[in-house]
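To find a chain, count down the sequence lines: A is the first, B the second, and so on, and within it residues start at 1.
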There are 2 protein chains.
Amino acid sequence: MRRKSLNTATCPVARSLDVIGDWWTLLIVREAFKGASRFSEFQQGLGLAKNILSSRLRKMLADGILELRPAAAGGSHLEYHLTHKGIQLRLILIALRQWGEDNLFVSGEPMTTFVDSQTGQSLKRLRPIRQDGTEVGFRDLVTKLVVAGEGVD
Amino acid sequence: MRRKSLNTATCPVARSLDVIGDWWTLLIVREAFKGASRFSEFQQGLGLAKNILSSRLRKMLADGILELRPAAAGGSHLEYHLTHKGIQLRLILIALRQWGEDNLFVSGEPMTTFVDSQTGQSLKRLRPIRQDGTEVGFRDLVTKLVVAGEGVD
DNA sequence: CCGTATCCATTCCGATACTG
DNA sequence: CAGTATCGGAATGGATACGG
C-alpha cells in the first residue's frame, strides 16, 4: 500500500518531508546551487539513472522548486533553475551539511565545506534564537498550534 | 539494484541523507523531541506499521542517533532516547519546519510551530552567517575541499 | 506491552534500448 | 543532448498474526 501522504498534516516538518523527503531531491537542489541547470549536468553530477532524474525533475517542477527558463546565452534550450521556494531550501542543505560535518566524518577524511566566495570564510554553526535574539536551549522548544498567516508573537 | 550508498561521499550533505534521508527517521526524531521514548508512543504518534518502526529504530540505534536506556521511574523497561548526535538533528528539524511554514501552508490553515517553553516566543528564521557574524548572500557560497578535523579559517 | 515474522502490493532504482 | 519506455531486482510500507 502506498505510504500515507503527509500533505495535509498540521506539522510543517511532515509536509516538508512529503515534498523533499527522498534521497535525490535535495541532492538535485545541491547540484543546482553548484550551478547545474541542464539534464546532463544533473545526471553526471549525481550518477543516477535517467528515468529517476526525469521523474524527480518533473515532480520538482510541479512542486514549484524548479522552473524551466530559456537558456541564457541564446541557445534554443530550456534550463532548470531554482525558484525562490527552491532557493530557500539552502538553509536545509546547510543544516544537513553541518550535521554531517560534525557527526559523519572521522578526522583526516576529505570533505567539502561551504565557504563564502568573497572572503573564503567558513560559516558559523546555525543556532536557533528567539525573536529577541537570545539563544534557545536544547529542550526549551514546544510545539504550539497556530493559524497560518497570523503572526505569532 | 540497490541504491548507491553515499556513506563514502566527500559531501556531508550526501552522507547525512544516507543516514536520515528517508521519510520516517526524521519524524521519529521529531516524536522523540516531543517526549516519545517508547515503542508504542512512536507508533501511535506516527501511525506507521510496527515492522517499519522496528527496523527504523534498530537502524537509528546502530547509527548512534538513539540509544536504549532503562526506564526512568523504576520500570523494568528500556526506552529510546536521543543521543547527543540525535539531539543535534534539531537544527535540521527547525530548518525543515521553517521552510514548510513559509512555503507549504496557505493562510488560515492550522499549523504547529515551535515556541520557547519559557517565554512563549517564536523563533527567528535561521540565517547563515560568516565567522565574523555578517550575513551571507544567497549565491555567495562555494564548496571547498578540506580535511576533516583541521579547522578551516 | 514490545516487538518479530510473514505476506503482499507498491514504489524505487539502475541498466539498457530507443526516439527526436 | 534530452529525455521516454521497459525490464527486473530490491526495498518500502501496510496489515495481520504470532511469541516474549
Side-chain angles (χ1 to χ4, degrees), chain A residues 1-9 14 17-28 31-32 35-63 66-81, chain B residues 1-9 14 17-32 35-63 66-81:
Chain A
M1 198 177 295
R2 180 73 178 89
R3 195 184 76 253
K4 297 180 214 307
S5 173
L6 303 170
N7 58 9
T8 59
L17 290 173
D18 207 50
V19 176
I20 57 167
D22 76 281
W23 280 283
W24 288 121
T25 302
L26 283 174
L27 291 173
I28 291 172
E31 290 302 303
S37 64
R38 302 177 60 166
F39 193 91
S40 61
E41 293 173 330
F42 289 110
Q43 211 217 332
Q44 289 163 24
L46 296 170
L48 83 174
K50 292 204 286 186
N51 52 353
I52 303 293
L53 176 58
S54 179
S55 73
R56 286 297 185 286
L57 290 174
R58 228 177 307 127
K59 180 171 190 306
M60 292 168 75
L61 290 172
D63 286 334
L66 295 175
E67 64 185 0
L68 286 170
R69 291 212 287 258
S76 67
H77 231 259
L78 290 178
E79 295 181 340
Y80 296 92
H81 286 274
Chain B
M1 198 177 293
R2 181 69 178 92
R3 194 184 77 253
K4 294 179 216 309
S5 173
L6 303 170
N7 57 9
T8 58
L17 290 174
D18 207 51
V19 176
I20 58 167
D22 76 280
W23 279 284
W24 288 121
T25 300
L26 283 174
L27 292 174
I28 290 172
V29 174
R30 183 196 71 181
E31 290 301 303
S37 65
R38 301 177 60 166
F39 193 90
S40 60
E41 293 174 330
F42 289 111
Q43 210 215 337
Q44 289 163 23
L46 295 170
L48 83 173
K50 292 203 286 185
N51 53 350
I52 303 292
L53 176 58
S54 179
S55 73
R56 285 297 186 288
L57 290 174
R58 224 177 310 125
K59 182 172 189 306
M60 292 168 75
L61 290 172
D63 286 335
L66 295 175
E67 63 186 1
L68 285 171
R69 292 212 287 259
S76 68
H77 231 260
L78 290 178
E79 295 182 340
Y80 296 91
H81 286 274

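- If you take NZ of A/Lys59 and P of D/dT4, they are 16 Å apart, rounded to a whole angstrom.
- Put simply, CG on A/Leu46 is 12 Å from P on C/dC13, counting in whole angstrom units.
- In this structure, B/Trp23 places its CH2 atom 16 Å from P of D/dA11, rounding to the nearest Å.
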Exercise. Quick one: do B/Met60 and B/Val29 satisfy side-chain contact (heavy atoms from CB on, under 4.5 Å)? Show the steps, please.
Key: CA-CA 10 Å; B/Met60 292 168 75; B/Val29 174; 3.7 Å; yes
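- Between the side chain of A/Asn51 and the base of D/dG3 there is no donor-acceptor pair of N/O atoms closer than 3.5 Å.
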Discussion item. Is there a side-chain contact (heavy atoms from CB on, under 4.5 Å) between B/Arg30 and B/Leu46? Walk through the geometry before answering.
Written reply: CA-CA 10 Å; B/Arg30 183 196 71 181; B/Leu46 295 170; 3.7 Å; yes
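- Using a 4.0 Å cut-off, some side-chain N or O of B/Trp24 falls inside it from OP1 or OP2 of D/dG13.
- Summarising the geometry of A/Leu17 relative to B/Trp23, their closest heavy-atom pair is O-NE1, 3.1 Å, with the distance given to 0.1 Å.
- Note: CG (A/Leu78) to P (D/dG3) measures 8 Å, nearest angstrom.
- When distances run from any side-chain atom of A/His77 to the nucleotides D/dC1, C/dC12, D/dG13, the shortest one goes to D/dC1.
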Residue pair A/His81, A/Glu79: steps toward the side-chain hydrogen bond (donor to acceptor under 3.5 Å, both in side chains) verdict:
CA-CA 6 Å; A/His81 286 274; A/Glu79 295 181 340; 3.0 Å; yes
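- Computed from coordinates, the B/Ile28 CD1 to D/dT12 P distance equals 13 Å when rounded to whole Å.
- Map A/Ala49 and B/Phe39 each onto its nearest nucleotide of DNA chain C; the residue landing nearer the 5' end is B/Phe39.
- Regarding A/Phe42, its CZ atom lies at a distance of 17 Å from the P atom of C/dC13, rounded to whole Å.
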message = Between B/Leu53 and B/Ile28, does the side-chain contact (heavy atoms from CB on, under 4.5 Å) criterion hold? Intermediate values first, please.
response = CA-CA 9 Å; B/Leu53 176 58; B/Ile28 290 172; 3.9 Å; yes
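- Counting non-hydrogen atoms under 4.0 angstrom, B/Tyr80 reaches the backbone sugars and phosphates but no base.
- The side chain of B/Arg58 contributes no N or O atom lying less than 4.0 Å from OP1 or OP2 of C/dG3.
- In terms of heavy atoms, A/Leu27 sits closest to B/Leu6 at CD1-CD1, 3.9 Å.
- Residue order along DNA chain D, read from the 5' end via each residue's closest nucleotide, puts A/Lys50 first among A/Lys50 and B/Gly47.
- In terms of phosphate contacts, B/Arg38 brings no side-chain nitrogen or oxygen within less than 4.0 Å of OP1 or OP2 of C/dG3.
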* Evaluate side-chain contact (heavy atoms from CB on, under 4.5 Å) for A/Gln43 paired with A/Lys50, printing each intermediate quantity in order. => CA-CA 7 Å; A/Gln43 211 217 332; A/Lys50 292 204 286 186; 3.3 Å; yes
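- Across the protein-nucleic acid pair, B/Ile52 atom CD1 and C/dC8 atom C1' stand 13 Å apart, rounded to whole Å.
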Writing each nucleotide of DNA chain D 5' to 3' as (, ), [, ], | or . by Watson-Crick or G-U pairing under 3.5 Å yields ||||||||||||||||||.|
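- Between A/Gln43 atom CD and D/dC1 atom P the separation is 10 Å, expressed in whole Å.
- Note on B/Ser40: a side-chain N or O is less than 4.0 Å away from OP1 or OP2 of C/dC2.
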